[in-house]
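Input: a single structure, listed below in structure tokens.
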Amino acid sequence: MHTHVRCQQKITTSHVPWNQHLSHRQQPLTFLSQPTSPPLNLSTKWNNFKCLAAISKQTQRFFAAALPTVATGDTSATNRLIKKFVASSPKSIALDALSHLLSPNSTHHPLLYFLTLPLYLKISEASWFSWNPKLVAQVVVLLDKQGLDKELKALMSETVSRLEFKERELVLFYCNLIGFNSKHNWVRGFDESYSRLNQLICDSNSVYVKKQGFKAMISGLCEMGRARKAEDLIREMRERGMKPTLFEFRCVLYGYGRLGLFKDMERILDKMESEEIEADTVCANMVLASYGAHNALPEMGLWLRKMKTLGIPLSTRTCNSVLNSCPTIMALMRNLDASYPVSIQELLKILSEDEAMLVKELIESSVLNEAMRWDTSEGKLDLHGMHLGSAYVIMLQWMEEMRNRLSNGEHVIPAEITVVCGSGNHSTVRGESPVKSMITEIMARTRSPMRIDRKNNGCFVAKGNVVKKWLC
């Protein structure tokens, strides 16, 4: 396993360095070559792109048309389709298509990866395009993973030549390379970019360069599952006269937590406290996510109580982390066709003791109040940013809170009540919102008078007095 490289060590790698060709005379980049591996069997529904996460219809049509040309090695047809797509697409759609191909979380057909370089090159010719080293770093990682060494070396040569006399920008380029390699869990690329960045830090007198480099290396090591090496780098930062910040501690904290090394995670928390670095909501959410990933529900409950003691506010992400870890709630959300509780009291009855404790801690927090607006004109609940389990529990809590406010005479009755659940633009399948489907089911089962807004189909609306009659 590659560890961090000391300044005095000579950097060696098992493969040819990316920036071997550093001449200012740029080498031409190839456009599209036939896939080296045999085409996959496309007898399945290769043209069913409903699984692609939140991309435009235009991009879906482009991918569907391009896939068979890539599979058969018809480069002329592929290049024509790319040219037509970029020419006919606005900037946002063209960049969105490229971003989808570059994302490590995309679920598209494997052969579509071969569109990455030619699509990037054609986009780079557009009048609106602005050269971006961060985007280049993403393309570099994909080329490396595809084994397109010739294209990889040419693109690296061009990029390093552009940035050779811009130290800050060159360091940020390698920082981005480390980040994207770690997101793809690409060990070879990560180790290579790590070595290069470490050497740049050693050779530089710039405090900015050193700080940015250490941030990227520590974050990347943790993402790659090397939290122990990342903690060693924090010590090395001190040796070089730099004080670690909350960011570095967060990375190492979560690095240990993701691995289930809770004692080490708690040791980092203690070290932060001794150095007077306060844990914030982001830190706390990382701890909760770590416990949840390893089904440590009692520890999650204790940590939620500690957050209350320390005065660390809970957020929507806190709610997401906690409820995504509750198996009963997740089972209910996976089977929305089945009958499920439509009140907090009913829900608590079917939860395990640990799950019930977590839900009680959440409903006693300020998460609902932060998602609500209440005045004479409107009472609004905004579920944006909430995962399905969070939206479910918050919706049940909201109904209970509304009942109390509308019946106790201490609150003004808003002219209109709105529940914002979204229309699915950011869902796994664009236009199909699981949250909206779940809210619709709750409305139907409770015989709610709230209806989908004619002006915004991502909202349920009703007059305030009508809602009062329903709940009270």
Inset, instruction - Grab the two heavy atoms, one from Arg405 and one from Asn369, that are nearest each other, plus how far apart they are. - result: NH2-OD1, 3.7 Å
Inset, instruction - Could you walk me through whether Phe247 and Ser219 pass the side-chain contact (heavy atoms from CB on, under 4.5 Å) test, one step at a time? - result: CA-CA 9 Å; Phe247 177 85; Ser219 175; 4.1 Å; yes
Legend entry - Mutual orientation of the aromatic rings belonging to Phe62 and Phe85 [parallel < 30°, tilted 30-60°, perpendicular > 60°]: parallel
Inset, instruction - For residues Ile452 and Lys436, determine if any side-chain heavy atom of one lies less than 4.5 Å from a side-chain heavy atom of the other. - result: yes
Legend entry - pair Tyr120-Leu143: side-chain heavy atoms closer than 4.5 Å: no
Inset, instruction - Please answer whether the main-chain N or O of Gly189 pairs with a side-chain N or O of Ser193 as donor and acceptor at a distance below 3.5 Å. - result: yes
Legend entry - Carboxylate-amine/guanidinium contact Asp270 Arg267, below 4.0 Å: no
Inset, instruction - Indicate yes or no for a side-chain donor-acceptor contact from Ser390 to the backbone of Asn320 under 3.5 Å, with no hydrogens or angles considered. - result: yes
Inset, instruction - Could you pull out all residues at least two apart from Glu299 that satisfy salt bridge (Lys or Arg N to Asp or Glu O under 4.0 Å)? - result: none
Legend entry - Heavy-atom side-chain contact between Arg240 and Ile201 under 4.5 Å: yes
Legend entry - Nearest atoms (heavy-atom pairs only) where Gly422 meets Ser433: O-OG, 3.8 Å
Legend entry - Side-chain (Arg168) to main-chain (Ser206) donor-acceptor, under 3.5 angstrom: no
Legend entry - For Pro244 against Ile277, the heavy-atom pair lying closest together: O-CD1, 4.2 Å
Legend entry - pair Leu177-Val140: side-chain heavy atoms closer than 4.5 Å: yes
Inset, instruction - For residues 277-297, pull every pair meeting salt bridge (charged side-chain N to carboxylate O under 4.0 Å, His left out), keeping only residues two or more places apart or in separate chains. - result: Arg250-Asp280
Legend entry - Check: Thr446 and Ser343 side chains under 4.5 Å, non-hydrogen atoms: no
Legend entry - Salt-bridge criterion met for Glu239 and Arg235 (N-O under 4.0 Å): no
Inset, instruction - Tell me, with the steps shown, if Asp191 and Lys229 meet salt bridge (charged side-chain N to carboxylate O under 4.0 Å, His left out). - result: CA-CA 13 Å; Asp191 288 347; Lys229 300 301 179 185; over 6 Å; no
Legend entry - Side-chain heavy atoms of Tyr254 within contact of Cys222, under 4.5 Å: no
Legend entry - Closest approach of Gly389 to Ile329 (non-hydrogen atoms, all atoms of both residues): CA-CG2, 4.1 Å
Inset, instruction - Indicate the atoms forming the closest heavy-atom contact of Val252 with Ala230, along with that distance. - result: CG2-CB, 4.0 Å
Inset, instruction - Verify, without hydrogens or angle tests, whether Asp96 (side chain) and Ser92 (backbone) share a donor-acceptor contact under 3.5 angstrom. - result: no
Legend entry - Gap between atom CE of Met399 and atom CG of Leu381 - 0.5 Å precision: 11.0 Å
Legend entry - Note: Asp264-Arg228 ion pair, threshold 4.0 Å (strictly below): yes
Legend entry - Spacing of Met286 atom CE and Leu253 atom CG [to the nearest 0.5 Å]: 7.0 Å
Inset, instruction - Measure the shortest side-chain to side-chain distance between Asn185 and Met224 over non-hydrogen atoms and say whether it is less than 4.5 angstrom. - result: yes
Legend entry - Main-chain N/O of Ser448 paired to Arg451 side chain as donor or acceptor, under 3.5 Å: yes
May I have the list of side-chain donor-acceptor pairs in residues 301-313 shorter than 3.5 Å, sequence neighbours left out?
from, atom 1, to, atom 2, distance (Å)
Trp303, NE1, Ala284, O, 3.2
Arg305, NE, Glu361, OE2, 3.1
Thr309, OG1, Arg305, O, 3.1

Legend entry - Quiz item: cation-pi between Arg196 and Phe173, 6.0 Å / 45°: no
Legend entry - Partners meeting side-chain contact (heavy atoms from CB on, under 4.5 Å) with His184 (sequence neighbours left out): Pro104, Val141, Leu142, Lys145, Trp186
Inset, instruction - Walk me through it: do Thr159 and Leu170 pass the test side-chain contact (heavy atoms from CB on, under 4.5 Å)? - result: CA-CA 9 Å; Thr159 304; Leu170 182 60; over 6 Å; no
Legend entry - Backbone of Val461 reached by a side-chain donor or acceptor of Asp453 within 3.5 Å: no
Legend entry - Lys380 and Asp382 ion-paired at < 4.0 Å: no
Inset, instruction - Please answer whether the main-chain N or O of Ile363 pairs with a side-chain N or O of Gln397 as donor and acceptor at a distance below 3.5 Å. - result: yes
Inset, instruction - Taking the side chain as every heavy atom from C-beta outward, state whether Trp470 and Met402 have any atom pair closer than 4.5 Å. - result: no
Legend entry - CG on Leu221 to CD1 on Ile178, rounded to 0.5 Å: 7.5 Å
Inset, instruction - Please round to the nearest 0.5 Å and tell me the distance separating atom CE of Met333 and atom CG of Leu388. - result: 5.5 Å
Inset, instruction - Look only at the side chain of His109 and the backbone of Leu111, and say whether a donor-acceptor pair between them is shorter than 3.5 Å. - result: yes
Inset, instruction - Before accepting this row, confirm whether a basic side-chain N of the pair Lys271/Glu275 lies closer than 4.0 Å to the acidic partner's carboxylate O. - result: no
Inset, instruction - Sequence neighbours left out, what pairs pass side-chain hydrogen bond (donor to acceptor under 3.5 Å, both in side chains) with at least one residue falling in residues 282-295? - result: Glu266-Tyr291, Asn285-Ser315, Asn285-Thr318
Inset, instruction - Would you give the length of the straight line joining atom OH of Tyr392 to atom CG of Leu347, rounded to the nearest 0.5 angstrom? - result: 4.5 Å
Inset, instruction - Answer yes or no: are there more than 12 heavy-atom neighbours, outside Glu378 itself, under 6.0 Å from its atom CD? - result: yes
Inset, instruction - Mark yes or no for whether Gln146, through its side chain, and Tyr113, through its backbone, hold a donor-acceptor pair below 3.5 Å. - result: yes
Inset, instruction - Of all the heavy-atom pairs spanning Leu246 and Met272, show the shortest one and how long it is. - result: CD1-CE, 3.6 Å
Inset, instruction - Kindly compute the distance separating CD (Glu231) from CD1 (Ile234), expressed to the nearest 0.5 Å. - result: 6.5 Å
Legend entry - Arg238 atom CZ: more than 12 heavy-atom contacts under 6.0 Å: yes
Inset, instruction - Measure from the side-chain N and O atoms of Ser89 to the backbone N and O of Val86, and report whether any donor-acceptor pair falls under 3.5 Å. - result: no
In residues 351-358, what donor-acceptor pairs under 3.5 Å come from side-chain atoms, sequence neighbours left out?
from, atom 1, to, atom 2, distance (Å)
Ser352, OG, Glu355, N, 3.2
Ser352, OG, Glu355, OE1, 3.0
Glu355, OE1, Thr328, OG1, 2.7
Glu355, OE1, Ser352, N, 3.2
Glu355, OE2, Thr328, N, 2.7
Glu355, OE2, Thr328, OG1, 3.2

